[in-house]
Protein chains: 2
Amino acid sequence: MTEQNLRGILAEHGLKATSQRLKILDYLATNHTHPTAEMIHKDLPMISLATVYNTLEHLVKSGLVITIDQLDDGKHHYDYYGEPHYHIINPETNEIIDANNFDMRPLFEAAREITGWNISGYHIEVYGHPQDNKKDEA
Amino acid sequence: MTEQNLRGILAEHGLKATSQRLKILDYLATNHTHPTAEMIHKDLPMISLATVYNTLEHLVKSGLVITIDQLDDGKHHYDYYGEPHYHIINPETNEIIDANNFDMRPLFEAAREITGWNISGYHIEVYGHPQDNKKDEA
DNA sequence: TCTCCAATTTAGAATTGTTCCAAATACAGT
DNA sequence: ACTGTATTTGGAACAATTCTAAATTGGAGA
């Protein structure tokens, strides 16, 4: 992504454009690899680990990034959320697939029915695994 | 819940029925309060904290209990999952409401379309907050 | 019912992901 | 360019969770 794009995105969300934020946001928007803070720091070693955590906190608070916390490694994983989407996870391998072929509005409506609240977002993880054989393709 | 019920549930999931597991499962199935390990230990002080963690791990692995990790207090919260359901969360107060007025099968079908996998379960959190005023009730 | 042993429990130590600190730096508006 | 505030930083501190190894226990089989 171009630096101008990144600056625009940060500005839209009220975040100062520091070189560290530009690098981390670019990293997340480019590599959809759902990294941990540690992995980001390993790939961007010029940015201190404290700043990585600090920046991720800002990005999550602003809604630009979300966390995935169900990978049983006890670490937060981070995911650029420029376009809302849901996750399909294979718990045996921790593979994560991003998908957006589902209209969430009926779910929002259902949640609104129960609470009366304004619904503003969602996190969805769906679990599954590849089939062992092809028997049901017949 | 009766002890026989609890023993049956544990047996169905291949878990030995220890007095600690019976107490913790009963606690979770009765109080839908989404507690942390620490909170469970506080309410069941005769069970060591190590055993609380240990037992929760077994219950989560078996699918009887799920974790809720989005409450920005840095702690895992646990939720009896006897009946699958989704969560409506107010992030300002950390209030969690359990709901099940939504058919997840279309979501499963969408996930299956993308991956070809067998889909086995889901975790869904929907975020929202009460409206400040009633203006849109008109 | 009794025995036996693998599974479970336990207290406390150890680990480690994350947060905190206070000094140095850098962004952005004027 | 100048200034004030927000951000960054390395390292110390913290706290949730896991580990350890010894003691206990549930339950399958005799």
Side-chain angles (χ1 to χ4, degrees), chain A residues 3-4 6-27 34-62 64-79 94, chain B residues 3-4 6-27 34-62 64-79 94:
Chain A
E3 182 170 329
Q4 278 322 303
L6 295 167
R7 285 182 180 277
I9 292 171
L10 289 173
E12 277 169 30
H13 290 259
L15 297 174
K16 219 177 190 176
T18 67
S19 82
Q20 292 86 346
R21 285 178 185 172
L22 289 167
K23 288 200 186 78
I24 290 174
L25 185 58
D26 186 39
Y27 179 87
H34 314 101
T36 63
E38 187 63 40
M39 292 158 75
I40 296 171
H41 179 243
K42 190 164 288 172
D43 284 342
L44 301 174
M46 74 293 296
I47 302 176
S48 81
L49 189 55
T51 298
V52 171
Y53 276 108
N54 208 340
T55 299
L56 288 170
E57 184 187 328
H58 281 101
L59 295 176
V60 168
K61 247 187 211 139
S62 77
L64 271 170
V65 165
I66 66 172
T67 61
I68 305 176
D69 301 308
Q70 311 279 7
L71 295 193
D72 78 2
D73 61 358
K75 300 170 193 170
H76 296 303
H77 289 248
Y78 295 89
D79 185 17
N94 278 345
Chain B
E3 183 170 327
Q4 277 323 301
L6 295 168
R7 285 181 181 277
I9 292 170
L10 289 173
E12 277 168 30
H13 290 260
L15 297 174
K16 220 176 188 177
T18 67
S19 84
Q20 292 86 346
R21 287 178 183 172
L22 290 166
K23 288 199 186 77
I24 290 174
L25 184 59
D26 187 39
Y27 179 88
H34 314 101
T36 63
E38 187 65 41
M39 291 158 77
I40 296 170
H41 180 243
K42 191 166 286 172
D43 285 342
L44 302 174
M46 75 292 297
I47 303 176
S48 80
L49 188 54
T51 298
V52 172
Y53 276 108
N54 208 340
T55 299
L56 288 170
E57 184 186 328
H58 285 265
L59 295 176
V60 167
K61 249 188 210 140
S62 77
L64 271 169
V65 165
I66 66 173
T67 60
I68 304 176
D69 302 307
Q70 311 280 9
L71 295 192
D72 79 3
D73 61 358
K75 299 170 196 169
H76 295 305
H77 289 248
Y78 295 89
D79 184 19
N94 278 346

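In the text below, chain A, chain B and the rest are named by the order of the sequence lines, each starting its count at 1.
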Where the side chain of His41(A) meets the backbone of Ile47(A), is there a donor-acceptor pair that is under 3.5 Å apart?
-> yes
Rounded to the nearest 0.5 Å, what separates atom [atom1] in [X] from atom [atom2] in [Y]?
X: His58(B); Y: Arg21(B); atom1: NE2; atom2: CZ; result: 5.0 Å
X: Thr55(B); Y: Leu10(B); atom1: OG1; atom2: CG; result: 9.5 Å
X: Leu71(A); Y: Asn94(A); atom1: CG; atom2: CG; result: 4.5 Å
X: Glu57(B); Y: Asp72(A); atom1: CD; atom2: CG; result: 9.5 Å
X: Leu64(A); Y: Leu59(A); atom1: CG; atom2: CG; result: 6.0 Å
X: His34(A); Y: Ile68(A); atom1: NE2; atom2: CD1; result: 4.5 Å

Nearest-Å distance, [atom1] ([X]) to [atom2] ([N])?
X: Met46(B); N: dT24(D); atom1: CE; atom2: C1'; result: 18 Å
X: His41(A); N: dT19(C); atom1: NE2; atom2: P; result: 15 Å
X: Ile40(B); N: dT9(C); atom1: CD1; atom2: C1'; result: 16 Å
X: Met39(A); N: dT18(C); atom1: CE; atom2: C1'; result: 17 Å
X: Leu25(B); N: dT8(C); atom1: CG; atom2: P; result: 15 Å
X: Leu10(B); N: dA7(C); atom1: CG; atom2: C1'; result: 14 Å
X: Asp69(B); N: dT18(C); atom1: CG; atom2: P; result: 12 Å

Residue pair Ala37(A) / Val52(A): nearest heavy atoms and the distance that separates them = O-CG1, 3.7 Å
Find every protein N or O atom lying less than 3.5 Å from an N or O atom of nucleotides 14-18 of chain D, and list the pairs.
| residue | atom | partner | partner atom | Å |
| --- | --- | --- | --- | --- |
| dT17(D) | OP1 | His76(B) | N | 3.1 |
| dT17(D) | OP2 | Tyr53(B) | OH | 2.6 |
| dT17(D) | O5' | Tyr53(B) | OH | 3.4 |

Phosphate oxygens OP1/OP2 of dC27(C): is one of them under 4.0 Å from a side-chain N or O of Arg7(A)?
-> no
For Glu12(A), check side-chain contact (heavy atoms from CB on, under 4.5 Å) against everything at least two apart and list the hits.
-> none
Sub-3.5 Å pairs of nitrogen or oxygen atoms, protein against nucleotides 3-8 of chain D:
| residue | atom | partner | partner atom | Å |
| --- | --- | --- | --- | --- |
| dA6(D) | O4' | Lys16(A) | NZ | 3.4 |
| dT7(D) | OP1 | Arg21(A) | NH1 | 3.0 |
| dT7(D) | OP1 | Arg21(A) | NH2 | 2.9 |
| dT7(D) | O5' | Arg21(A) | NH2 | 3.4 |
| dT8(D) | OP1 | Thr18(A) | OG1 | 2.4 |
| dT8(D) | O3' | Gln20(A) | NE2 | 2.9 |

